[in-house]
Every structure is written in structure tokens, then in C-alpha cells.
Engineer: 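One structure is given below, represented as C-alpha cells, and several questions about it will come after.
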Amino acid sequence: MRFQTHMDVALAQATAAAERGEVPVGAVIVWQGDVIAAAGNETRARSDPTAHAEILVIRDACKMLGVERLTGCDLYVTLEPCPMCAAAISNARIARLYYGAADPKSGGVAQGARVFSHPQCHHAPEVYDGINASAAQDMLTRFFSGLRG
């Protein structure tokens with residue numbers, strides 16, 4: 001089977017989040033080759049610090065499939081998940097995590113907390129990083145320089 005990335009859909013969600021004034025992070029859940037949930041960050045719109053793109057797609061995919069665990073699903077996200085999102089990914093039993101840009105400041109997978117390698121982590125997905133990393137990083141850089149400029 002040939003690998004097909006769905007990062008383009010996650011990047012489109014990140015672009016939409018930026019247009020709404022949210023930090024440009026987008027995520028999608030893929031099940032059996034189909035995107036079943038897609039979202040960008042909505043922390044400001046919802047006045048909810050947990051409304052990260054990853055959390056939103058996990059909730060939507062669980063609801064859509066009528067399950068509490070997403071065994072066999074893949075998650076594509078434009079930025080390395082933070083510790084909160086990494087814990088949710090573990091609890092949801094996501095099979096594979098594909099992410100774009102590394103997050104040296106707030107990451108929870110390869111940086112910082114490294115949630116999946118912690119002894120209390122019950123499930124660690126397969127992790128693939130650097131997928132469309134430059135596009136994701138460029139979007140974040142433009143967004144934050146616009147706030148500072």
C-alpha cells in the first residue's frame with residue numbers, strides 16, 4: 001500500500017484558524033483512508049484553553065464513530081502536539097501520529113514532556129515527524145510576526 005499524506009487538509013485547517021485569529025494549527029483524523037474529522041484551533045472562539053485542533057478532532061471522530069477509542073485511526077497535525085494533546089492522543093489510542101513542525105517551546109512528543117515515553121503512558125502511537133514541516137513552520141512564523149509587528 002502506498003503512503004498518502006493528509007497533511008494538506010490539516011494545513012488548510014491551520015490557514016482557516018489563522019484567518020479567524022487563532023494560532024494556526026490544524027488537525028485531521030483519518031480512518032480507513034478517509035478524513036472523518038478536521039479542525040483548526042478554536043481556543044479564542046470558544047473561550048476554552050482545551051480547544052486545540054487535536055482535541056477537537058478527537059472529540060468529533062469519537063462521536064462520528066460512536067466510540068471512546070480511535071484504534072486504527074491516524075492523526076495528522078501541523079505542529080508537534082503539546083503535553084495535553086499528547087495525553088489525549090494516548091488515551092484515544094490513536095494508531096499513528098503524523099506531525100509537521102517541531103515545537104521546542106511547548107511540544108510534548110519529541111520535546112519537553114515526551115509524553116509517549118513516560119512510564120505512565122498506557123499507549124504510544126507510531127510517530128512520524130517533519131511532514132510538510134516547512135509549510136507549517138512558515139505559517140506559524142508569519143502569524144506570530146504579524147502579532148509582534
Side-chain angles (χ1 to χ4, degrees), residues 1-45 49-65 67 69-118 121-147:
M1 177 155 75
R2 199 175 130 252
F3 172 72
Q4 177 185 354
T5 182
H6 297 275
M7 191 60 80
D8 57 332
V9 182
L11 285 165
Q13 290 293 321
T15 299
E19 290 169 356
R20 296 189 306 270
E22 301 278 358
V23 174
V25 176
V28 298
I29 299 266
V30 176
W31 181 63
Q32 297 182 344
D34 295 321
V35 173
I36 61 168
N41 276 354
E42 293 188 26
T43 59
R44 292 180 177 161
T50 69
H52 291 196
E54 300 95 309
I55 301 295
L56 298 175
V57 294
I58 288 170
R59 289 176 181 161
D60 289 348
C62 285
K63 187 174 183 178
M64 187 265 192
L65 295 174
V67 297
R69 293 192 175 154
L70 299 171
T71 307
C73 289
D74 299 338
L75 170 63
Y76 290 81
V77 62
T78 58
L79 181 65
E80 176 183 354
C82 71
M84 174 186 70
C85 291
I89 291 163
S90 175
N91 286 324
R93 305 301 196 266
I94 300 275
R96 286 163 295 281
L97 166 64
Y98 301 89
Y99 70 85
D103 188 354
K105 181 180 174 194
S106 301
V109 177
Q111 317 287 326
R114 293 184 174 96
V115 170
F116 302 138
S117 61
H118 194 279
C121 180
H122 296 294
H123 168 78
E126 294 175 30
V127 177
Y128 303 92
D129 62 355
I131 312 293
N132 289 62
S134 60
Q137 185 61 55
D138 290 348
M139 191 179 306
L140 287 158
T141 300
R142 282 192 312 274
F143 178 81
F144 285 111
S145 53
L147 292 179

Engineer: How many angstroms lie between atom OG of Ser90 and atom NE2 of His118, to the nearest 0.5 angstrom?
Structural biologist: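 Spacing of OG (Ser90) from NE2 (His118) equals 11.5 Å.
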Engineer: If you apply the rule side chain to side chain contact (heavy atoms under 4.5 Å, CB included), what do you find for Glu42 with His52, and how did you get there?
Structural biologist: CA-CA 6 Å; Glu42 293 188 26; His52 291 196; over 6 Å; no
Engineer: So does Lys105 get a backbone contact from the side chain of Gln111, meaning a donor-acceptor N/O pair under 3.5 Å?
Structural biologist: no
Engineer: After noting the C-alpha distance and the side-chain angles of Tyr98 and Val77, does the key distance pass the side chain to side chain contact (heavy atoms under 4.5 Å, CB included) rule?
Structural biologist: CA-CA 6 Å; Tyr98 301 89; Val77 62; over 6 Å; no
Engineer: Are the side chains of Leu140 and Leu79 in touch, meaning some heavy atoms are under 4.5 Å apart?
Structural biologist: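 They are in contact (side-chain heavy atoms under 4.5 Å apart), so the answer is yes.
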Engineer: Side-chain contact, heavy-atom cut-off 4.5 Å: Leu97 with Phe116?
Structural biologist: yes
Engineer: Quick one: closest heavy-atom pair of Cys121 and Ala124, and the distance?
Structural biologist: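 For Cys121 and Ala124, the tightest heavy-atom pair comes out as SG-N, 4.3 Å.
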Engineer: Are any of the side-chain heavy atoms of Ile55 and Met84 separated by less than 4.5 Å?
Structural biologist: yes
Engineer: For the residue pair Glu54 and Leu75, establish whether any side-chain heavy-atom pair is separated by less than 4.5 Å.
Structural biologist: yes
Engineer: Mark yes or no for whether Arg44, through its side chain, and Gly21, through its backbone, hold a donor-acceptor pair below 3.5 Å.
Structural biologist: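 Looks like yes, one N/O pair under 3.5 Å.
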Engineer: Starting at CE of Met7, measure out to OH of Tyr76 and round the result to the nearest 0.5 Å.
Structural biologist: 8.0 Å
Engineer: Kindly give the heavy-atom pair with the smallest separation between Glu22 and Thr43, and that separation in Å.
Structural biologist: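 Taking every non-hydrogen atom into account, OE1-N, 3.2 Å.
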Engineer: Could you tell me the separation between the NE2 atom of His123 and the CG atom of Asn91, rounded to the nearest 0.5 Å?
Structural biologist: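 Those atoms lie 10.0 Å apart.
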Engineer: For Tyr99, which of Val127, Thr78, Ile131 qualifies under side-chain contact (heavy atoms from CB on, under 4.5 Å)?
Structural biologist: Val127
Engineer: For Arg20 and Asn41, indicate whether the former's side chain and the latter's backbone hold a donor-acceptor pair under 3.5 Å.
Structural biologist: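 Side chain of Arg20 to backbone of Asn41, a donor-acceptor pair under 3.5 Å: yes, one is there.
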Engineer: Got Cys62 and Leu70 here, is their nearest side-chain heavy-atom distance under 4.5 Å?
Structural biologist: yes
Engineer: Would you say Leu11 and Asn132 make side-chain contact, with heavy atoms under 4.5 Å?
Structural biologist: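 With C-beta onward as the side chain, the pair touches.
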Engineer: For the CG atom of Asp60 and the CD1 atom of Ile29, what is their distance to the nearest 0.5 Å?
Structural biologist: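 Result: 9.0 Å between the selected atoms.
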Engineer: Does the Gln13 side chain pair with the main chain of Val25, one donor and one acceptor, at a distance under 3.5 Å?
Structural biologist: no
Engineer: Would you name the heavy atoms of Ser145 and Arg142 that are closest together and state the gap between them?
Structural biologist: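 Looks like OG-O, 3.2 Å.
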Engineer: If you look at every heavy atom in Asp103 and Glu80, which pair is closest and at what distance?
Structural biologist: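 Between these two residues, the closest heavy atoms are N-OE1, 2.9 Å.
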Engineer: Restricting to non-hydrogen atoms, name the atom on Ala133 and the atom on Gly100 that form the minimum distance, rounded to 0.1 Å.
Structural biologist: CB-O, 3.6 Å
Engineer: Of all heavy-atom pairs between Ala14 and Met139, which one has the smallest distance, and what is that distance?
Structural biologist: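 It is CB-SD, 3.5 Å.
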Engineer: Rounded at 0.5 Å granularity, tell me how far CZ in Arg96 sits from SG in Cys73.
Structural biologist: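 Reported to 0.5 Å precision, the distance equals 9.0 Å.
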Engineer: Please evaluate residues Val115 and Val109 with respect to the criterion side chain to side chain contact (heavy atoms under 4.5 Å, CB included), reporting the C-alpha separation (whole Å), side-chain torsions for both, the decisive distance (0.1 Å), and the verdict.
Structural biologist: CA-CA 6 Å; Val115 170; Val109 177; over 6 Å; no
Engineer: Any heavy-atom pair between the side chains of Pro125 and Asp74 that's under 4.5 Å?
Structural biologist: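 No; the side chains remain at least 4.5 Å from each other.
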